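Since we're looking at a predicted model, the values are computed, not measured.
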Amino acid sequence: MNTGEKIIALDSGLFPDLNNEDKNKLKDELIIVQKRENVIYTAQEFLNSASISLKIASELGLGNSPLAQDLSTAINYGQATFSAVTSFMSGDYIQAISSITGLLGGGGPDIA
């Protein structure tokens with residue numbers, strides 16, 4: 001059940017054991033989760049569209065232009081930032097730190 005369906009189920013009285021205060025509290029939390037999911041979805045769609053546009057430009061022979069290279073760098077930073085934020089929000093702090101250090105340091109020798 002996705003978050004929207006959970007909100008509908010809550011509103012339809014599917015959980016009769018919950019009192020109104022608990023229902024309202026749970027609904028408020030679900031609305032926050034749904035908004036967060038919408039932001040994540042929108043950001044991911046934007047990054048995907050930008051990547052596809054850059055790929056098309058490259059296939060048309062425009063991939064070596066300074067603008068295309070700058071866009072590629074911006075997309076890479078956007079994807080790393082997106083990864084860091086979503087990892088942090090999901091509680092995967094090690095991955096979030098890894099994404100942030102990749103943004104800041106990027107390109108040092110692999111010690112593994």
Can you tell me how far the [atom1] atom of [X] sits from the [atom2] atom of [Y], to the nearest 0.5 Å?
X	Y	atom1	atom2	answer
Glu45	Leu47	CD	CG	10.0 Å
Leu26	Ile7	CG	CD1	9.0 Å
Lys25	Asn19	NZ	CG	10.0 Å

Using the side chain to side chain contact (heavy atoms under 4.5 Å, CB included) criterion, which residues pair with [X]? Sequence neighbours excluded.
X	value
Ile97	Thr101
Thr81	Val85, Leu103
Ser87	Ser83, Asp92, Gln95, Ala96
Glu5	Met1, Asn2

**Prompt:** By side-chain hydrogen bond (donor to acceptor under 3.5 Å, both in side chains), which residues pair with Gln44, not counting sequence neighbours?
**Reply:**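 Scan of Gln44 (side-chain hydrogen bond (donor to acceptor under 3.5 Å, both in side chains), adjacent residues dropped) gives Asn48.
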
**Item:** Under the side-chain hydrogen bond (donor to acceptor under 3.5 Å, both in side chains) test, residues paired with Asp17 that sit two or more places apart
**Value:** none

**Side chains of Leu14 and Leu10 in contact at under 4.5 Å (non-hydrogen atoms)** = no

**Request:** Group every Ile, Leu, Val, Met, Phe, Trp and Tyr by side-chain heavy-atom contacts under 4.5 Å, then state whether Phe15 and Leu30 land in the same group.
**Result:**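 Both belong to a single hydrophobic cluster.
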
**Request:** Given side chain to side chain contact (heavy atoms under 4.5 Å, CB included), test Leu62 with Ile56 step by step and report yes or no.
**Result:** CA-CA 9 Å; Leu62 304 172; Ile56 291 169; over 6 Å; no

**Those residues that, when tested against Phe88, pass ring pair (Phe, Tyr, Trp, His ring centres under 6.0 Å) (two or more places apart)** = Tyr93

**Request:** Mind checking salt bridge (Lys or Arg N to Asp or Glu O under 4.0 Å) for Glu59 and listing every partner two or more places apart, or none if nothing turns up?
**Result:**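 Counting only residues at least two positions away or on another chain, Glu59 forms a salt bridge (Lys or Arg N to Asp or Glu O under 4.0 Å) with Lys55.
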
**Item:** Lys27: salt bridge (Lys or Arg N to Asp or Glu O under 4.0 Å) partners, not counting sequence neighbours
**Value:** Asp11

**Asked** Which residues, ordered by chain and number, are linked to Leu67 in its hydrophobic cluster, where ILVMFWY side chains connect at heavy-atom gaps below 4.5 Å, directly or through other members?
**Response**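 Joined to Leu67, directly or through intermediates: Leu54, Leu71, Ile75.
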
Table please: side-chain donor-acceptor pairs of residues 31-40 below 3.5 Å, with sequence neighbours left out.
residue	atom	partner	partner atom	Å
Glu37	OE1	Thr3	OG1	2.9
Glu37	OE2	Thr3	OG1	2.9
Asn38	ND2	Gln34	O	3.4

**Request:** Answer yes or no: does atom CD1 of Ile94 have more than 12 heavy-atom neighbours from other residues, nucleotides or ligands under 6.0 Å?
**Result:**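 No - once you tally the heavy atoms of other residues, nucleotides and ligands closer than 6.0 Å, there are 12 at most.
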
**Item:** Pairs satisfying side chain to side chain donor-acceptor pair (under 3.5 Å), at least one member in residues 64-77, at least two apart
**Value:**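 Every candidate side chain to side chain donor-acceptor pair (under 3.5 Å) pair involving residues 64-77 fails, so no pair, neighbours aside, qualifies.
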
